[in-house]
Number of protein chains: 2
Amino acid sequence: MSVDVGARLRGIRTTFGLSQRELARRAGVTNGLISLIEQNRVSPSVSSLKKVLDGVPMSLAEFFTLDLSATPRAFFSADDLVELGNPQVSLRLVAAQRPGRQLTLLHERYAAGAATGEEMLTHRGEEAGVVIRGRIELTVGGAVRVLGPGEAYYFASQLPHRFRNVGREACEIISACTPPTF
Amino acid sequence: MSVDVGARLRGIRTTFGLSQRELARRAGVTNGLISLIEQNRVSPSVSSLKKVLDGVPMSLAEFFTLDLSATPRAFFSADDLVELGNPQVSLRLVAAQRPGRQLTLLHERYAAGAATGEEMLTHRGEEAGVVIRGRIELTVGGAVRVLGPGEAYYFASQLPHRFRNVGREACEIISACTPPTF
DNA sequence: CTTTCTTGTCTAAGATCCTAAACACCATGA
DNA sequence: TCATGGTGTTTAGGATCTTAGACAAGAAAG
């Protein structure tokens, strides 16, 4: 019952849209090594696995903690929000089943046509939000979806992501991110 | 800025009270390898590091997540409990700063002289508690302390631990443990 | 003081990892 | 059709990890 290092690395690399050569260049190793590791033809040393993950970037702890088979949901329909409050005070919670949440709320507003930029964002922490008004196109990893009022998102900020307001109306989002940055 | 695998392994091994040879025997590797890894003379392959950790036992994710320098507090004085409630409803929270808690409460009672056994316990999950009446001697890792009424504990159950009622009076504890076992 | 057992360290030799380079395949165009 | 640039794979050889066994130091008992 060994750890499938190869499948994990391949899943991460493709999620980030990198070729073996590109990841190898960033990590300072050869493309052949990436290939051998992904095929489980070798069990890499900790030091070289760390070099490879530095090219993503991702820590060893995150690498071994990651569960590819149980990828957390990235999108939630309006009905998926969990009602926590009572008839007097309504509290609708996003990703209620997700353990270890530690977020703070923000209020964002995207003008018509606005976006977070051409490049995909990728940083530490987690972020989540609810669309209040308008429509927003959200790309997370390989998945793209246009979210409307009442729909929500929740994903790890390490996944490459981008917001684009593809409508003619301004878009408002109640969003949250982890304390340190952003 | 590399990961100090050697120091981590040595810290874990000594915490569990194992010699290099004993850990090597359980893991199915040689004692020399343990020695070389702990001195950072080599960077072990993932497969052999996994074999070594299986002898503890501990997962790779737990190994790399562990932060030896910032070992969470194991003991809390009565004053260290965080008051969460209001003047009407008083809620005193144990280890409030600890992230990702998911515990359920129990009520334990130790007769005079009772103990959890000669062997140290070690299992998955986390456990915590507050002493209500009497006194209890608690050993966690290398640390030992006698706790009295109003004092509390919180530690990872993987750390070898043992409860002993060293007084003449019965001891009551409100304790909590993670869902799966115990 | 010896003997014996334990501990952690060190050293050649064998096994495995890692690199450099070539290879095969699939596109896209000239 | 033939180049060009991209992908992942394979292989020989040098670098590194891992083993088996010896070594030195300390503790406990005779």
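All chains are named by letter (A, B, ...) in the order of the sequence lines, taking the proteins before the strands, and each is independently numbered beginning at 1.
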Between B:G28 and A:L18, name the one whose nearest nucleotide on DNA chain D is closer to the 5' end.
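Nearer the 5' end of the strand: A:L18.
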So, for [X] and [Y], which heavy atoms are closest and what is the spacing to 0.1 Å?
X: A:A24; Y: A:I34; answer: CB-CG1, 4.1 Å
X: B:R135; Y: B:N165; answer: O-OD1, 3.2 Å
X: B:S43; Y: A:S45; answer: O-CB, 3.3 Å

Working note: B:E22 + B:R13, criterion salt bridge (Lys or Arg N to Asp or Glu O under 4.0 Å); need CA distance, chi angles, decisive distance, verdict.
CA-CA 10 Å; B:E22 175 59 19; B:R13 178 176 63 80; over 6 Å; no
Using only side-chain N and O atoms of [X], determine if any of them is under 4.0 Å from OP1 or OP2 of [N].
X: A:S45; N: C:dC18; value: yes
X: A:R13; N: D:dG8; value: yes
X: B:S48; N: D:dT18; value: yes
X: A:Q20; N: D:dT9; value: yes
X: B:R10; N: C:dT9; value: yes

Taking [atom1] from [X] and [atom2] from [N], how many angstroms apart are they, rounded to a whole number?
X: B:L9; N: D:dT18; atom1: CG; atom2: P; result: 12 Å
X: B:E22; N: C:dT7; atom1: CD; atom2: P; result: 8 Å
X: B:N31; N: C:dT6; atom1: CG; atom2: P; result: 13 Å

Choose from C:dG8, D:dT18, C:dA20 the nucleotide whose nearest atom is closest to any side-chain atom of A:T30.
C:dA20
Taking the side chain as everything from C-beta on, heavy atoms only, tell me whether A:L18 gets closer than 4.5 Å to A:R26.
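Heavy-atom side-chain distance check passes, below 4.5 Å.
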Does a side chain donor of either A:E38 or A:S35 reach within less than 3.5 Å of an acceptor in the other side chain?
no
On a plain distance test, is the side chain of A:R21 in donor-acceptor contact with the base of D:dG8 below 3.5 Å?
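Result: at least one qualifying N/O pair found.
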Regarding A:D54 and A:K50, does a basic nitrogen lie under 4.0 Å from an acidic carboxylate oxygen?
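Here A:D54 pairs with A:K50 in a salt bridge, since their nearest N and O are under 4.0 Å apart.
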Under 4.0 Å, heavy atom to any atom of DNA chain C: which of residues 32-44 of chain B qualify?
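B:G32, B:S35, B:Q39, B:R41, in order of number.
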